[in-house]
Structures are given as C-alpha cells and as structure tokens.
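The structure under discussion appears below in the form of structure tokens.
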Amino acid sequence: MANGGVKALSESGAEPPLEFVLQEAVYPSGDASRRRPADIPIVDLLRLPHYDDETAKLRSAIATWGAFQAAGHGISFSLLEDVRSVGRRFFELPPEEKLRCSSKSKGFGEGYGRDQVKAQTLDWSDRILLKVYPEDQRSLELWPRNPTSFSQTLHEYVAKVNTVAQLIIEAMARSIGLDETHFIAQLGEEREIYCRFSYYPPCQRPDLVLGLKPHSDNSAITMILQDGDVEGLELLSEDGGWVSVPSNPDVLLVVVGDLMEIMSNGSFKSPVHRVVINSNKDRISASLFFAMKPEKLIGPAEGLLKEEGKQRLYRDLIVKDYLDAHLNAFEEGKQAINWARV
Ligand SMILES: O=C(O)CCC(=O)C(=O)O
Ligand SMILES: [Fe+2]
C-alpha cells in the first residue's frame with residue numbers, strides 16, 4: 001500500500017486492492033447505513049452511584065451485550081466534538097505530515113499507521129495509537145503537532161474519561177456483589193490507558209471489506225467515542241448475528257474487555273465486535289483502552305469463587321502474557337480468552 005494510507009486509496013476511487021478483500025465466507029454483506037441499530041441500554045452515570053436499579057441496568061446490559069451507552073458523564077458536548085474534530089483533521093493532513101507520527105514498533109505499536117500484525121486481510125482504516133496515561137510515559141514525539149490543539153484536547157479528554165471510568169468500574173464491582181474498590185484496586189493508579197483514533201474512509205465495495213476485523217479488546221474496559229452521525233461498529237450477538245451499535249453523538253460507549261471478563265470470572269462477557277464500512281460516508285472514532293500495567297498478576301476475584309457452586313473459569317495470569325497471547329490469537333483470527341480458561 002502506498003504511503004497515503006487507506007484514505008488515499010479511497011480517494012483514488014478504485015476497487016479495493018486484493019489484500020483488503022475478505023474471504024467470501026466472511027463478507028459483511030452490504031452497507032453500514034442499511035443496518036438496524038441494536039437496542040443497547042443507556043445508563044445514567046448521575047444515578048449510578050445512588051440507585052440500585054441503575055446498577056442493575058448496567059449489569060443486565062453487560063450480560064446481554066457486553067456493552068452499554070454511558071450518559072450523564074458530565075463531559076461537555078463541545079469537548080466531545082473537539083476530540084472528533086482533532087482526530088478527523090489529523091487524518092486529513094497530507095501523508096508526509098501523518099508519517100511524522102509513525103514508528104516501526106511491532107504488533108499494536110504506537111503511532112500512525114497500520115498495526116504490524118500478520119493478518120490475512122488488511123483493515124479498511126487508518127489509525128493512530130498513543131499511550132496517554134501515565135502521563136510521564138507519553139511518547140510525545142509521536143503526538144500530532146497539527147492540528148495544534150490536538151495534544152491539549154486529548155489531554156483534557158483523557159483526564160475527564162479517567163474520572164468517569166473510575167465511577168463505572170466501581171459500579172461494575174458493586175453490581176456483582178464485590179467491594180466497589182475491587183477492580184479499581186486491580187487497575188491501580190499505575191493503570192495504562194491507550195488512545196486509538198480510527199478513520200474509516202468510504203469504500204465503493206463495502207460488501208467486500210471490513211474497517212476492523214472481528215476481535216475482543218485486550219483491555220479491562222474500553223470507552224469509545226463514536227462518530228456523531230455515521231454508524232459502523234457491530235457486536236456479535238449470542239445467536240451468531242451481527243448487530244449495529246447506534247451512533248449517539250453525546251454518549252460514551254463502554255465495552256467490556258478480556259481482562260475484565262477474567263477478573264469477573266465470566267460474569268461479564270467481553271464482546272466480539274467489528275467495524276463495517278459505508279459506500280459514501282467516512283467515519284471517525286476514538287477509543288480509550290484501560291488496562292493494568294503489564295507486570296500485574298490478575299485473576300478471578302476471590303469473592304466470586306467463594307460462593308457455593310461457583311467454579312473458577314480463568315487462570316491467574318500476568319497481564320503481559322495475556323497481551324502476547326491476545327496478539328498471537330488476533331493474528332490467527334482467533335479469540336485469546338480461550339487461552340486464559342482453566
Ligand atoms: O471504531 C469503533 O467504533 C471501534 C474501534 C474498536 O473496536 C477498537 O479500536 O478496538
Ligand atoms: Fe475493539
């Protein structure tokens with residue numbers, strides 16, 4: 001692929017090159033705009049700490065979808081719009097400017113450019129991945145200088161979402177009868193947060209490509225700011241069908257990650273999800289992935305194993321080993337969570 005990324009390919013108007021074309025068995029069949037949205041519950045974070053029915057709603061949403069839409073988060077709409085806007089403006093820069101933010105690191109490496117993974121089929125998207133927390137671990141040389149407000153906007157957004165995530169993670173613990181500090185203590189102050197902006201250009205053959213292959217996240221939780229207008233994210237439902245996540249411009253979509261599935265001993269499911277493409281509309285998203293530091297040992301909460309009849313479903317493991325297993329599984333088109341089962 002030329003240096004212009006998928007955006008330049010899209011603008012050339014050509015059919016997608018073969019390395020982007022999926023095997024026929026996994027064609028996404030059609031245009032994102034023609035899909036029916038899934039009924040993913042909206043949880044009001046203002047009510048969450050005080051009302052048991054809101055906590056029950058959160059638990060049921062996670063049990064059904066592995067995800068919910070968070071409203072009442074207190075982050076101004078203008079900041080959400082600014083985050084989408086700085087992301088979009090970065091991807092609109094000429095290729096040589098974007099390439100200044102790229103690095104050669106393997107796997108899901110930081111910086112602009114495609115994931116350096118052995119994949120059978122390439123994703124129809126451009127992305128930039130940045131470690132945003134702890135602050136002293138930021139590789140600022142990879143952060144876009146253009147638009148000039150990029151760093152400040154992202155900095156402000158991460159601080160706010162970090163506070164919101166705390167409240168959500170406490171409620172998740174409460175919702176399954178654990179002390180509300182349990183998962184937060186696992187994450188610790190030295191938690192790591194990565195931000196991934198993804199830009200999905202239109203493709204004249206949305207029936208042949210995916211913006212992002214089916215995967216579950218290697219995080220504890222992921223907080224996704226979706227495009228304000230354009231849908232594309234889909235969750236794999238229990239009956240094996242794909243359902244489309246509505247693009248609600250002022251909510252944050254909270255998705256359970258594999259590390260939370262392990263710590264909750266399977267009470268919470270980390271959903272398999274993918275991104276489909278539109279024939280004439282582009283889409284932007286910004287995902288924040290919350291995880292423990294790689295050296296941390298995690299496992300199912302003791303409190304969940306004491307209950308009668310409860311079996312341990314996952315091993316204790318070092319987060320770094322899980323991340324390696326996740327990458328290997330991803331490259332083979334498999335789910336890493338099976339590796340963690342007892
Ligand atoms: O673009 C989206 O809405 C989701 C992106 C995603 O699933 C990811 O980055 O892991
Ligand atoms: Fe994801």
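Atoms within each ligand, like the ligands themselves, are counted from 1 in listed order.
In terms of N/O distances under 3.5 Å, ligand 1 is approached by His215.
Counting atoms of ligand 1 from 1 in the listed order, those under 4.0 Å from a heavy atom of Ser285 are 1 (O), 2 (C), 3 (O). Taking a cut-off of under 4.0 Å to the non-hydrogen atoms of Ser287, the atoms of ligand 1 that pass are 5 (C), 9 (O). Of all atoms in ligand 1, listed by their number and element, those nearer than 4.0 Å to a heavy atom of Tyr200 are 1 (O), 2 (C), 5 (C). Set against the non-hydrogen atoms of His273, the atoms of ligand 1 under 4.0 Å away are 7 (O). Every atom of ligand 1 is numbered from 1 in the order shown, and the set under 4.0 Å from a heavy atom of Phe289 is 8 (C), 9 (O), 10 (O).
Look at Arg114 and Asp123 and you find no salt bridge, because none of the NZ, NE, NH1 or NH2 atoms lies under 4.0 Å from a carboxylate O. Using a 4.0 Å cut-off between charged nitrogen and carboxylate oxygen, Glu96 and Arg100 do not count as a salt-bridge pair. The pair Glu110-Lys131 does not meet the salt-bridge criterion, since no charged nitrogen lies less than 4.0 angstrom from a carboxylate oxygen. The existence of a salt bridge linking Lys320 and Asp324 is confirmed by a sub-4.0 Å separation between a basic side-chain nitrogen and an acidic carboxylate oxygen. A salt bridge is defined here as a Lys NZ or Arg NE, NH1 or NH2 lying under 4.0 Å from an Asp or Glu carboxylate O, and Glu92 with Arg89 fails to meet this definition. Salt bridge annotation for Asp282-Arg88: present, with a cationic side-chain nitrogen under 4.0 angstrom from a carboxylate oxygen.
With distances taken over non-hydrogen atoms, the option nearest atom 9 (O) of ligand 1 out of Arg196, Lys213, Glu231 is Arg196.
Annotation for Glu238: atom CD does not count as buried by contact number, only 12 or fewer foreign heavy atoms lying within 6.0 Å.
Aromatic pair Phe183/Phe290: ring centres not closer than 6.0 Å.
Only the side chain of Leu212 comes within 4.0 Å of ligand 1, judged by heavy-atom distances. In Asp217, the part holding a heavy atom less than 4.0 Å from any atom of ligand 1 is the side chain.
Side-chain atoms of Asn265 come within 3.5 Å of backbone atoms of Leu313 as a donor-acceptor pair (strictly under, hydrogens ignored). With hydrogens and angles disregarded, no donor-acceptor distance shorter than 3.5 Å links the side chain of Arg205 to the backbone of Glu15.
Within the protein, the N, O or S atoms lying under 2.8 Å from the Fe ion (ligand 2) are His215 NE2, Asp217 OD1, His273 NE2.
Ligand 1 lies less than 4.0 angstrom from a heavy atom belonging to Arg283.
The shortest distance between side-chain heavy atoms of Tyr157 and Leu225 falls below 4.5 Å.
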